Amino acid sequence: MISHEYIEELVRRNDITDIIGRYVQLRHRGRTPTGLCPFHSEKTPSFVVYPETQSFYCFGCGAGGDVITFIKRINNLDYVEAIKYLAAQAGMPMPDEDDQVGRLRSRILAMNKLAARFFYDQLNQDTPQAQQARGYWRGRGLSDATIRRFGLGYAPDSFDGLQNHLRSKGYTTDELMASGLVKRSEKSGRLYDTFRARVMTPIFDLRGNVIAFGGRVLGDEKPKYINSPETLVYKKSKAMFALNVAKKETSRRYILCEGYMDVISLHQAGFPTAVAACGTALTADQVRLLGEYADEVILCYDSDEAGQKATARSLGLFAESPVKVSVLNIPNAKDPDEFIKKFGSSAFERLLNGSSNAIEYKLQKAKADLDITNPAQRAEYLKQAIEILTDHVSPTEQDIYAGRLAEETGVSKQAVLTQLASLQRTKYRRKKRQQQKDLLNEGLASDIRIPYGTMNSQQALGAASAEQYLVVAMVKNPQFIPQVVESVKPEQFLGKEMQSIYQAIVDCSQKQMVPDLTTLAMRLPEEQTNLLAKLLARSYEIPIAQRDVQMYLERIHRTQPQSAQAADMNAQQMEDYLEQIRRKKMGNS
């Protein structure tokens with residue numbers, strides 16, 4: 001276990017503003033640097049760094065914590081690896097510690113490297129199986145140079161070929177199972193290779209480590225594709241195929257493809273910024289990752305129904321991203337690989353340069369199945385088009401496309417703009433109502449609207465709010481801890497999350513530790529760390545005095561009967577409970 005003293009020194013040597021500034025372009029707004037959140041896509045900065053408390057919080061997605069939390073999330077590391085990273089930044093030697101998870105992660109990466117070499121060597125054996133596998137890759141139009149560049153290979157038709165190879169290198173059964181390269185039969189209990197009789201594509205992380213594999217059968221057997229399971233080194237929702245190659249290019253225009261083969265073909269054809277999402281569908285984490293390297297992303301999915309659905313879904317994910325997104329229409333071919341084989345790289349380059357922006361694509365899709373000479377269908381097209389123009393579209397773009405819609409449909413531009421404004425107001429009200437529901441589900445009493453004229457509900461919600469400010473007071477001013485601990489027990493708190501945070505503060509105090517965010521983050525799950533970071537962020541510039549602490553304590557004590565009933569309630573149950581109190585109060589009045 002790494003000592004608390006070491007962690008404190010590590011945090012002191014790694015100023016959070018400096019560290020985060022390497023990943024996020026920060027601008028100072030008063031005393032607090034702000035920027036676009038690296039953990040979700042956004043166009044308006046909601047990510048704030050608090051130098052005085054060495055913490056951060058995003059008011060958009062709720063991510064928060066200290067410098068260690070940030071490094072864990074931004075680099076997809078576990079706790080010990082984040083410590084190692086920051087220790088290297090600060091020039092601090094690591095203390096002696098038993099890092100079993102870290103060692104296993106290193107062993108898996110080493111196994112994956114050996115497996116990739118094994119599959120590549122098997123592809124180049126002088127056997128009928130290997131010849132068939134080479135014939136598959138060459139039949140897809142890949143050169144030997146491309147096969148070498150991407151480390152493409154072949155998994156032989158054997159239940160233990162790779163397994164025996166890795167055992168000969170000293171790897172244990174537990175390590176083989178943890179790598180995902182080997183599985184255990186539910187019937188016989190015997191181990192077998194995950195990939196057999198398949199051409200193999202290794203997947204690399206940004207540092208060039210092999211983290212996973214994709215395998216495809218040579219014929220049409222099912223399942224056609226098998227991918228590595230998630231492991232300590234592979235989280236498919238956060239990985240991008242070929243991004244380790246694309247990131248080396250000076251071009252900031254990326255081509256997002258549907259599959260690995262499309263990417264490999266595009267690289268061979270001279271388009272080295274082609275990438276693909278790992279997993280079955282693009283994720284918000286992958287959009288964020290792309291945004292670190294790309295200024296423009298061209299969606300280049302297959303032209304079939306599945307590809308069109310993937311395009312629509314991806315456009316939604318990019319809606320909040322600062323990345324410019326456009327859509328490639330591939331005529332007379334089902335995918336970019338087929339198009340390039342038919343018409344060549346120059347023709348594909350012209351397609352890229354003429355790709356439609358997201359608004360154009362959506363409007364074309366809306367219009368495609370409608371006959372706008374028919375009044376009813378023209379009205380339907382207008383309805384869909386106006387819906388599109390209210391979704392993350394700038395006022396300038398709205399004005400331009402309103403004019404175009406007026407020309408297409410014969411409806412005045414002013415009428416289109418009036419409908420646009422009306423729908424935007426409706427969406428804004430709907431969004432505000434949803435935000436209230438979301439805040440309620442977070443269990444944050446300070447955000448819950450208190451029904452008027454209901455004294456008991458006000459007291460109960462006031463106690464919940466007091467609990468939050470009390471916790472903040474103890475973190476910001478540890479001198480208040482003895483007074484609070486003497487007056488309130490953890491089980492007297494209304495919410496279980498606040499109970500846990502309060503208990504962690506008490507534990508730290510008993511061990512003579514300062515209960516700052518770094519210390520507490522070591523003892524709390526991510527959700528509670530985020531909550532504490534949020535509370536600290538909201539009260540960043542609010543001074544809390546002795547009289548405030550006394551008031552919070554009095555509020556908690558005044559509502560003990562309510563607290564006893566509400567102790568095990570979730571947010572919705574608490575709201576229902578408070579509604580019952582309100583009705584009872586009204587009935588007695």
Side-chain angles (χ1 to χ4, degrees), residues 108 111-112 115-116 118-120 122-123 128-142 147 150-163 165-166 176-204 210-231 233-242 256-265 275-283 286 301-310 313-314 334-338:
I108 292 173
M111 271 188 284
N112 285 344
F118 174 82
F119 294 141
Y120 181 79
Q122 291 296 313
L123 180 70
Q129 286 184 345
Q131 290 175 1
Q132 186 184 8
R134 290 195 297 273
Y136 173 84
W137 287 128
R138 287 168 181 161
R140 297 300 301 264
L142 301 185
I147 292 171
F150 283 90
L152 305 180
Y154 172 68
D157 190 6
S158 167
F159 279 89
D160 56 10
L162 175 61
Q163 180 184 163
H165 177 66
L166 293 176
L176 291 170
M177 292 287 290
S179 72
L181 294 167
V182 172
K183 294 183 177 180
R184 187 181 297 277
S185 170
E186 293 183 4
K187 292 183 179 179
S188 66
R190 295 180 60 183
L191 299 182
Y192 63 92
D193 290 355
T194 301
F195 300 100
R196 304 182 308 282
R198 292 174 180 271
V199 287
M200 299 297 294
T201 303
I203 300 167
F204 296 84
V210 181
I211 56 174
F213 295 90
R216 188 199 189 282
V217 294
L218 298 175
D220 294 322
E221 306 94 290
K222 303 294 182 181
K224 184 178 287 188
Y225 298 97
I226 288 180
N227 296 302
S228 292
E230 295 206 341
T231 66
V233 303
Y234 178 55
K235 300 291 183 286
K236 62 185 178 183
S237 66
K238 299 176 182 292
M240 295 293 298
F241 179 72
L256 182 57
C257 302
E258 195 167 339
Y260 305 155
M261 193 63 223
D262 287 334
V263 171
I264 295 169
S265 297
V275 296
C278 294
T280 55
L282 188 70
T283 68
Q286 290 163 338
Y301 293 153
D302 294 355
S303 55
D304 59 13
E305 183 180 355
Q308 294 307 299
K309 286 182 178 178
R313 185 178 182 279
S314 297
K334 64 180 177 63
D335 56 35
D337 182 31
E338 182 180 296

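Not measured: the values here are computed from a predicted model.
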If I compare all heavy atoms of [X] with all of [Y], which pair ends up nearest, and what's the gap?
| X | Y | result |
| --- | --- | --- |
| N227 | G214 | OD1-CA, 3.5 Å |
| A133 | L218 | CA-CD2, 4.1 Å |
| R140 | D337 | NH2-OD2, 3.4 Å |
| F150 | F241 | CD2-CZ, 4.2 Å |
| L166 | M111 | CD2-O, 4.0 Å |
| A116 | V210 | CB-CG2, 4.2 Å |

Name all residues meeting the salt bridge (charged side-chain N to carboxylate O under 4.0 Å, His left out) criterion together with R184; count only those two or more places apart in sequence or in a different chain, and write none if there are none.
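By the salt bridge (charged side-chain N to carboxylate O under 4.0 Å, His left out) rule, R184 matches no residue at all.
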I would like to know whether I203 and C278 meet side-chain contact (heavy atoms from CB on, under 4.5 Å); could you show each step before the answer?
CA-CA 9 Å; I203 300 167; C278 294; 3.8 Å; yes
In terms of side-chain heavy atoms, does R216 have a donor or acceptor partner in Y260 at a distance below 3.5 Å?
no
Separation between [atom1] of [X] and [atom2] of [Y], rounded to the nearest 0.5 Å:
| X | Y | atom1 | atom2 | answer |
| --- | --- | --- | --- | --- |
| Y301 | E258 | OH | CD | 7.5 Å |
| I147 | Y154 | CD1 | OH | 14.5 Å |
| K222 | K224 | NZ | NZ | 5.0 Å |
| K183 | Q163 | NZ | CD | 13.5 Å |
| M177 | L191 | CE | CG | 6.0 Å |
| D302 | K309 | CG | NZ | 14.0 Å |

Test item: [X] side-chain N/O and [Y] main-chain N/O as donor-acceptor pair under 3.5 Å:
| X | Y | answer |
| --- | --- | --- |
| Q286 | A276 | no |
| T283 | S237 | yes |
| S179 | L176 | yes |

Within 6.0 Å of OH in Y120, more than 12 heavy atoms from elsewhere
yes
More than 12 heavy atoms of other groups within 6.0 Å of E305 CD:
no
Residue pairs involving residues 188-197 (criterion side-chain hydrogen bond (donor to acceptor under 3.5 Å, both in side chains); sequence neighbours excluded):
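As it turns out, the side-chain hydrogen bond (donor to acceptor under 3.5 Å, both in side chains) pairs with a partner in residues 188-197, which skip direct neighbours, are S185-S188.
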Check L152, V217, V199 against Y136 for a side-chain contact (heavy atoms from CB on, under 4.5 Å) and give me the one that passes.
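Per the side-chain contact (heavy atoms from CB on, under 4.5 Å) rule, the option paired with Y136 is V199, out of L152, V217, V199.
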Which of these, T231, V233, I108, sits in a side-chain contact (heavy atoms from CB on, under 4.5 Å) with I211?
V233
Answer yes or no: is there a side-chain heavy-atom contact under 4.5 Å between D335 and D304?
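Answer no - side chains too far apart.
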Kindly indicate whether the side chain of M200, heavy atoms from C-beta on, has any atom under 4.5 Å from the side chain of L123.
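Sidechains of L123 and M200: no contact.
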